[in-house]
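Order of the sequence lines sets the chain letters (A, B, ...), proteins ahead of strands, with each chain counted from 1.
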Protein chains: 2
Amino acid sequence: MGITIKQIAADLNLAVSTVSKALGDSYEISAETKARVFEYATKMDYKPNPYASSLKRGRSGNIAVVLPEVSDSFFSSAIDGIEKVAQEKGYHVMVYLTHEDVSREASIIREFRHGRVDGVLMSVSAGEKKPDHLQDLSASDIPVVFFDRVYEEIQMTNVVTNDFESGYLAAKHLLSKKCKRLAFLSLEGNLEIISHRQKGFEKALSESGIEGREHSIIVLGNDEQENLKKLASKFKSKTRPDGVVGSVEKVAMQVYSTCHALKLSIPKDVKVIAFSHLAIASLLNPSLTTITQPAFDMGKMAATLLFKSLDKKGMKPETIVLKSELIERDSTRM
Amino acid sequence: MGITIKQIAADLNLAVSTVSKALGDSYEISAETKARVFEYATKMDYKPNPYASSLKRGRSGNIAVVLPEVSDSFFSSAIDGIEKVAQEKGYHVMVYLTHEDVSREASIIREFRHGRVDGVLMSVSAGEKKPDHLQDLSASDIPVVFFDRVYEEIQMTNVVTNDFESGYLAAKHLLSKKCKRLAFLSLEGNLEIISHRQKGFEKALSESGIEGREHSIIVLGNDEQENLKKLASKFKSKTRPDGVVGSVEKVAMQVYSTCHALKLSIPKDVKVIAFSHLAIASLLNPSLTTITQPAFDMGKMAATLLFKSLDKKGMKPETIVLKSELIERDSTRM
DNA sequence: ATGTCCCACGAAAACGGTTTCGTAAATAAG
DNA sequence: CTTATTTACGAAACCGTTTTCGTGGGACAT
């Protein structure tokens with residue numbers, strides 16, 4: 001291990017407390033002594049033992065990021081943004097994956113109450129509504145910022161996008177492309193973010209008001225094979241949708257797979273628009289029309305808010321809304 | 001915060017040491033007392049303060065994962081594997097991104113010497129060869145496992161894939177598709193993994209021995225715009241390659257972009273094969289022939305090896321080689 | 001000369017565990 | 001009944017910092 005403060009004190013004939021204060025640039029210590037300590041400390045590459053500091057100060061210098069998964073490009077970009085801010089602030093990032101498993105999420109979160117991290121960034125996992133652990137977490141004195149997948153029941157700091165509006169625009173977009181049978185590909189688990197998108201979708205449809213238009217909600221889950229089966233049966237039926245809104249990246253990919261397998265042409269037979277952050281959406285076959293969230297900036301923003309409330313406790317919860325962008329590509333061209 | 005051991009001791013009229021030993025299931029404590037302590041502890045949801053334990057025991061329960069980036073699907077899958085093993089073992093995962101910046105990598109690593117993590121999993125960043133910090137790290141008493149992007153100069157535990165062979169097979173594959181002018185898209189920064197792939201590529205070419213075939217090495221960097229410019233100029237020239245091997249996922253995507261922009265047809269004008277882990281390779285336009293590394297398993301393996309050497313110090317360095325798989329898709333079909 | 005103030009530093013008590021060592025009581029051995 | 005051994009627990013040191021509280025000595029005012 002590295003050198004300790006005790007060792008420095010001994011080597012310089014000082015008291016431990018003096019060295020500690022010198023390193024902390026305390027006014028109690030003369031410039032002369034400080035210089036002597038600093039020089040020796042840097043020479044010996046002294047770094048305070050993180051456990052000892054944490055134990056004494058009650059702060060760890062760590063933040064937790066709790067996510068459903070990391071393979072989704074939205075989440076990986078968000079991590080990118082979070083890590084950047086954290087590194088600037090000298091914080092360390094601990095990553096926890098829930099894989100949409102609420103009980104795992106709960107047990108992860110429970111650990112946080114006993115120290116280890118000073119704050120939590122979180123995107124909640126889908127699953128039966130069991131908010132007890134979230135409630136507990138928010139009730140604890142450790143600050144939490146939710147991003148993207150928030151949980152509105154509890155009053156917390158949130159970073160979200162304009163999901164309702166985006167869902168609305170997505171449906172509008174499909175309607176403007178003459179789609180007659182729209183489907184919204186939902187995700188099981190009562191995520192608010194999904195239901196907002198869905199409500200926007202439904203509003204656009206009810207506004208359009210024209211009879212002869214149908215729409216359906218297809219609820220998909222976490223099991224890819226199951227989803228593909230379900231999609232295949234939907235797309236084989238006579239009343240198959242001719243325009244779909246993918247509520248998350250994953251399901252859009254599954255629609256692509258299904259259409260490829262069934263030899264359905266996108267966009268001729270089915271037009272597809274999806275909430276997705278894929279950098280390579282433009283390289284897909286066909287290129288995918290997306291509603292792209294500012295994932296990196298959301299991560300940065302969430303982290304920034306977290307650090308703000310770490311700096312001064314007792315901040316009021318606020319909700320930041322960032323804008324998504326609809327980027328039209330071939331998958332919805334007429 | 002949670003309840004402390006001291007509080008438990010007071011509440012049960014026991015000494016602190018007794019409680020600690022009871023919780024540790026020490027033989028010194030009677031079954032009766034243990035039961036009493038256990039019951040009370042679980043009732044109060046006691047968890048040991050991680051800083052205090054770490055300080056005393058000299059172990060943190062954290063491991064570090066140091067990566068160039070997280071947006072690459074190889075790395076995100078690897079994290080997935082790592083996190084899974086860590087969670088099973090009760091360890092916590094700290095993620096650090098270098099963004100291919102060697103000096104940042106160095107400063108990140110330097111922190112590790114002073115505690116905070118018990119072990120390090122690492123994929124080194126490209127960049128001028130400055131192995132001092134890696135040398136230091138491996139010389140320290142904290143175990144390190146390199147995966148994928150290893151640094152062979154120092155004798156360490158490595159988890160890699162059969163890169164030479166894969167590079168060889170990639171070139172063979174293109175040759176079998178009648179490509180005449182092959183290009184290897186390299187990455188600046190002297191990564192061994194890249195040079196292995198390149199050497200395999202070159203071996204296949206030299207074996208083929210037929211005159212009239214050319215090959216070139218195109219070295220790309222970390223700046224996407226620069227790369228696109230470089231690629232465009234290469235692909236505009238009369239002797240543009242008709243078959244390329246992308247050494248990493250990112251450059252393959254850049255080739256796609258370039259070809260789309262220049263209206264070059266893949267695979268008619270240019271055949272593309274790339275080292276990539278993209279789950280959606282099959283959905284690209286056209287679907288991409290890949291050499292797919294077992295990213296998830298590599299992460300799992302690396303983590304497993306790390307924990308093994310955490311359990312018993314002084315393990316011999318070993319190198320595990322996992323096999324990549326060549327999956328042919330449309331981007332190289334004749 | 002005496003009292004007051006500040007300066008620069010040291011001693012010691014935390015933080016919350018773990019671990020070593022000592023010891024009273026209970027049991028076994030003689 | 002005495003002595004040795006085990007059993008079950010407590011006291012205290014310790015991990016490396018931070019922080020509170022003293023304190024000796026010099027400067028200053030009275």
Side-chain angles (χ1 to χ4, degrees), chain A residues 1-38 40-41 44-62 90 111-118 141-142, chain B residues 1-38 40-41 44-62 90 111-118 141-142:
Chain A
M1 284 290 157
I3 191 176
T4 86
I5 228 177
K6 198 182 293 186
Q7 190 59 48
I8 296 183
D11 294 354
L12 296 183
N13 275 322
L14 290 172
V16 176
S17 51
T18 308
V19 176
S20 173
K21 282 183 257 191
L23 291 170
D25 199 23
S26 159
Y27 68 97
E28 293 183 42
I29 305 300
S30 70
E32 190 182 9
T33 307
K34 277 181 193 169
R36 217 155 59 94
V37 171
F38 273 123
Y40 193 68
M44 303 303 272
D45 192 26
Y46 167 80
K47 291 277 162 47
N49 179 308
Y51 317 137
S53 306
S54 296
L55 177 57
K56 187 62 188 164
R57 316 180 75 148
R59 292 187 315 122
S60 64
N62 301 329
E111 284 231 23
F112 297 159
R113 293 195 315 205
H114 307 277
R116 181 147 265 149
V117 297
D118 299 339
D141 49 355
I142 129 172
Chain B
M1 283 292 156
I3 192 176
T4 86
I5 227 177
K6 197 182 294 185
Q7 190 60 47
I8 295 183
D11 293 355
L12 297 183
N13 275 323
L14 290 171
V16 176
S17 51
T18 307
V19 176
S20 174
K21 281 183 259 190
L23 291 170
D25 200 23
S26 160
Y27 68 98
E28 293 183 40
I29 305 301
S30 70
E32 188 183 9
T33 308
K34 277 182 194 168
R36 216 155 59 96
V37 172
F38 273 124
Y40 192 69
M44 303 303 274
D45 193 26
Y46 167 80
K47 290 279 162 48
N49 179 308
Y51 316 137
S53 329
S54 295
L55 177 57
K56 184 63 186 166
R57 318 180 74 148
R59 292 189 314 121
S60 64
N62 302 330
E111 284 229 24
F112 296 160
R113 292 193 317 204
H114 306 278
R116 180 145 268 151
V117 297
D118 299 339
D141 48 356
I142 127 172

(message) Both A:Y27 and B:L23 contact DNA chain C. Taking the nearest nucleotide for each, which residue is further toward the 5' end?
(response)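 It is A:Y27 whose nearest nucleotide is closer to the 5' end.
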**Study point:** B:S53 vs B:K21, nearer the 5' end of DNA chain C by closest nucleotide
**Key:**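 It is B:S53 whose nearest nucleotide is closer to the 5' end.
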> What's the shortest heavy-atom distance between B:I3 and B:Y46, and which atoms?
Replying inline: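 Residues B:I3 and B:Y46, closest heavy atoms: O-CD1, 3.2 Å.
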_Need one value for B:T33: base, sugar-phosphate or nothing, where a base atom within 4.0 Å counts as base even if backbone is also close, heavy atoms only._
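The residue B:T33 makes sugar-phosphate contact but no base contact.
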So B:T4, base contact, sugar-phosphate only, or nothing? Heavy-atom distance under 4.0 Å.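 It contacts sugar-phosphate atoms only.
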(message) I'd like to check the side chain to side chain contact (heavy atoms under 4.5 Å, CB included) partners of B:P50; sequence neighbours left out, ordered by chain and number.
(response)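 Residues passing side chain to side chain contact (heavy atoms under 4.5 Å, CB included) with B:P50: A:R116.
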Worksheet entry | With B:A15 via side chain to side chain contact (heavy atoms under 4.5 Å, CB included) - residues at least two apart |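 Here the qualifying residues are B:S17, B:T18.
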message: According to side chain to side chain donor-acceptor pair (under 3.5 Å), who are the partners of B:S30, at least two apart in sequence or on a separate chain?
response: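 Per chain and number, B:S30 pairs via side chain to side chain donor-acceptor pair (under 3.5 Å) with B:T33.
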Check side chain to side chain donor-acceptor pair (under 3.5 Å) between B:S60 and all other residues, then give those that pass, not counting sequence neighbours.
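Per chain and number, B:S60 pairs via side chain to side chain donor-acceptor pair (under 3.5 Å) with B:D118.
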Taking five pairs at each end, how big is the angle between the two axes of the helix from C:dA1-D:dT30 to C:dG30-D:dC1, to 10°?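 The value is 60°.
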With a 4.5 Å heavy-atom cut-off, do B:N49 and B:T4 have their side chains touching?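 No, too far: nothing below the 4.5 Å cut-off.
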Could you check whether any side-chain heavy atom of A:R36 comes within less than 4.5 Å of a side-chain heavy atom of A:L14, counting everything from C-beta outward?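 They are in side-chain contact.
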inquiry  = Show me the pairs that pass salt bridge (charged side-chain N to carboxylate O under 4.0 Å, His left out) and involve residues 47-59 of chain A, at least two apart or across chains.
reply    =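 Of all non-adjacent pairs touching residues 47-59 of chain A, those that pass salt bridge (charged side-chain N to carboxylate O under 4.0 Å, His left out) are A:D45-A:K47.
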- prompt: Can you list every pair that meets salt bridge (charged side-chain N to carboxylate O under 4.0 Å, His left out) and has a residue in residues 3-18 of chain A, with sequence neighbours left out?
  reply: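 Counting only pairs at least two positions apart or across chains, no salt bridge (charged side-chain N to carboxylate O under 4.0 Å, His left out) contact touches residues 3-18 of chain A.
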Please list every donor-acceptor pair under 3.5 Å in which a side-chain atom of residues 22-29 of chain B meets a protein atom from a residue at least two apart or in another chain.
from, atom 1, to, atom 2, distance (Å)
B:D25, OD1, B:K34, NZ, 3.0
B:S26, OG, B:E28, N, 3.0
B:E28, OE1, B:K21, NZ, 3.2

Worksheet item: Contacts to DNA chain C from residues 10-19 of chain A, heavy-atom cutoff under 4.0 Å, which residues?
Response: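 The stretch gives A:N13, A:L14, A:A15, A:S17, A:T18 as the residues lying under 4.0 Å from the strand, ordered by number.
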Contact boundaries on DNA chain C for chain B, cut-off under 4.0 Å to non-hydrogen atoms |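 Going 5' to 3' along DNA chain C, contacts run C:dC15 to C:dC21.
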| request: Kindly compute the distance separating CG (B:N62) from OG (B:S54), expressed to the nearest 0.5 Å. | output: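 Here the interatomic distance stands at 7.0 Å.
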*Output the distance between atom CG (A:L55) and atom OG (B:S53), rounded to the nearest 0.5 Å.*
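If I round to the nearest 0.5 Å, the distance is 9.5 Å.
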Taking ring-ring contact (aromatic ring centres under 6.0 Å, His included) as the test, write out the residues that go with A:Y51, two or more places apart.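 A:Y51 satisfies ring-ring contact (aromatic ring centres under 6.0 Å, His included) with no residue once adjacent residues are dropped.
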Tell me, please, the opening and closing nucleotides of DNA chain D, 5' to 3', among those with an atom under 4.0 angstrom from a non-hydrogen atom of chain A.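 Answer, 5' to 3': D:dC15 to D:dC21.
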